[in-house]
There are 2 protein chains.
Amino acid sequence: MISQTAEYALRAVLYLARHQNGDPVSVETIADDLSMPRNYLSKTLHLLAKRGILTSARGPRGGFELAVPSDELSLFAIIEPFDELEGRSQCLLGRRECSDQAPCAAHHRWQRLAQRVSTFFRETTVEDLIAELSEPSGATAGHASRPG
Amino acid sequence: MISQTAEYALRAVLYLARHQNGDPVSVETIADDLSMPRNYLSKTLHLLAKRGILTSARGPRGGFELAVPSDELSLFAIIEPFDELEGRSQCLLGRRECSDQAPCAAHHRWQRLAQRVSTFFRETTVEDLIAELSEPSGATAGHASRPG
DNA sequence: CGTATTTATCATATTCTCATGAGAAAAACA
DNA sequence: TGTTTTTCTCATGAGAATATGATAAATACG
């Protein structure tokens, strides 16, 4: 659904959000804890820093931090630098122009779903997901998840 | 959302469904009409034939035909040989095990959407999409009544 | 049979994603 | 200043997805 790179970015940002203590976190720490390739993650987080989503600091005690409050940081903002979530990927049959006025065969049925997915990424924040982890599981779950 | 190859497969099957007249259609005809790479499409349709979705015939007057009635042919059946639509791809954060009992941070929010997408592919048939094309535009849901 | 037509198959090329490794550049600190 | 730590940047490579071209195999039809 999303690329490996975007998945790394998302998981790393969630990690940063859960480990906010005023100090930056190094790429090495994140890569080790999340089992990701270190240099590749470095490049990935660098791009998020360029986009203003993270701040980076070099040297001792350096690393990455969230630059945006987690309740103002959408999943869309994190993924969008890597994957094209909207635009031509919205048409299931790959047409450049696919609209209510000029629909492909799948348009009416697919568009509703694609819109829901789009809304999910745009409206779900990092804070929403963090909160999910620390809440007792809902009516369907049998075991409470533990933060950590 | 789906791979280029799966998109070719889907579009080609829709083409075959709309051009059923008892005769097979050659790869060349499809590739030309739909602007797809000919040999690549050949390989793609060959796999669908192996899966029993199409029949193929060599030689003059040969080509491909639907092997399944279009109202019994789900989009899932067409795409599944090429893309993994379910399984590991269901977890937004890429975890192997992600369930109500052991959810990732995104599970409860994402799973509902992923399930809808899955259902779309499993329950939507080729016939559904063909019918969509011949209906007056503007309908947002369900089937419009047809004259005659 | 012979030939044209068409799929089937193989080899290869191209492009993109994912990943590794080696340094360069910056910053903290003794 | 020098050393260490860290990000930044570049070069490169592996592998998958996408695509092309050539040839083999099957089939219709004269």
Side-chain angles (χ1 to χ4, degrees), chain A residues 1-13 16 22-67 79 81-85 88-89 94, chain B residues 1-13 16 19 22-67 79-85 88-89 94:
Chain A
M1 181 63 207
I2 64 176
S3 68
Q4 182 66 257
T5 308
E7 185 201 299
Y8 288 159
L10 182 52
R11 288 169 57 203
V13 167
L16 288 174
D23 289 339
V25 182
S26 76
V27 165
E28 184 155 29
T29 300
I30 304 172
D32 285 354
D33 279 12
L34 300 182
S35 299
M36 295 175 185
R38 183 202 150 122
N39 285 3
Y40 194 69
L41 181 61
S42 174
K43 240 180 305 187
T44 303
L45 297 188
H46 176 61
L47 181 50
L48 290 182
K50 278 206 278 192
R51 296 298 183 99
I53 291 168
L54 303 178
T55 57
S56 65
R58 299 210 246 199
R61 305 185 55 83
F64 289 91
E65 278 182 292
L66 286 192
I79 295 170
F82 309 100
D83 297 1
E84 187 184 13
L85 288 176
R88 68 192 73 114
S89 67
Chain B
M1 181 66 209
I2 63 176
S3 68
Q4 182 67 253
T5 308
E7 185 200 300
Y8 288 159
L10 181 52
R11 288 168 58 203
V13 168
L16 287 173
H19 293 77
D23 289 339
V25 182
S26 76
V27 166
E28 183 154 29
T29 301
I30 304 172
D32 285 353
D33 279 11
L34 300 182
S35 300
M36 295 174 186
R38 185 204 149 120
N39 285 4
Y40 194 68
L41 180 62
S42 174
K43 238 181 305 188
T44 302
L45 297 188
H46 176 61
L47 180 51
L48 290 182
K50 277 206 278 193
R51 296 298 183 99
I53 291 168
L54 304 178
T55 57
S56 66
R58 300 209 247 201
R61 306 185 55 81
F64 290 90
E65 277 183 293
L66 286 192
I79 295 170
E80 183 273 335
F82 308 101
D83 297 2
E84 186 184 13
L85 288 177
R88 132 213 153 260
S89 65

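Per chain, numbering begins at 1; letters A, B, ... match sequence-line order. Every value quoted in this text rests on a predicted model; they were computed, and no experiment measured them.
- A/Gly52 and A/Ala67 make their closest contact through O-CB, 3.4 Å (heavy atoms, listed as atom of the first residue, atom of the second, distance).
- Closest approach to the A/Arg61 side chain among C/dC10, C/dT5, C/dC29 is made by C/dC29 (side chain taken as heavy atoms from C-beta onward).
- At whole-Å resolution of the value, CD1 in B/Ile30 and P in C/dT6 are 12 Å apart.
- Between B/Val27 and A/Arg38, the residue whose closest nucleotide on DNA chain C is further toward the 5' end is B/Val27.
- Side-chain contact between A/Ile53 and A/Phe64 is absent, with no heavy atoms from C-beta onward closer than 4.5 Å.
- Between A/Gln4 and A/Ala57, the residue anchored closer to the 5' end of DNA chain C is A/Gln4, taking for each the nucleotide with the nearest heavy atom.
- Here C/dA8 presents its P atom at 10 Å from CG of B/Leu54, a figure rounded to the nearest Å.
- With hydrogens and angles left out, the side chain of B/Arg58 and the base of C/dT6 share no donor-acceptor pair within 3.5 Å.
- With A/Ser42 contributing its side chain and A/Arg38 its backbone, the two residues share no donor-acceptor pair below 3.5 Å.
- The residue B/Phe82 sits apart from the nucleic acid: no heavy atom pair falls under 4.0 Å.
- Within the 4.5 Å cutoff, no side-chain heavy atoms of A/Ile2 are placed close to those of A/Phe82.
- The CG-P distance, from B/Asn39 to C/dT12, rounds to 16 Å in whole Å.
- Bounding nucleotides for the chain B contact on DNA chain D, 5' to 3', at a heavy-atom distance below 4.0 Å, are D/dT18 to D/dC29.
- Phosphate proximity of C/dT7 to B/His46: absent, as no side-chain N or O sits under 4.0 Å from OP1 or OP2.
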Show, in sequence, the C-alpha distance, side-chain angles and deciding distance for B/Leu34 and B/Leu41, and conclude whether the side-chain contact (heavy atoms from CB on, under 4.5 Å) test is met. CA-CA 10 Å; B/Leu34 300 182; B/Leu41 180 62; over 6 Å; no
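- Considering A/Val27, A/Asp32, A/Asp33 in turn, A/Asp33 is the only one that fulfils the side chain to side chain contact (heavy atoms under 4.5 Å, CB included) rule with A/Thr29.
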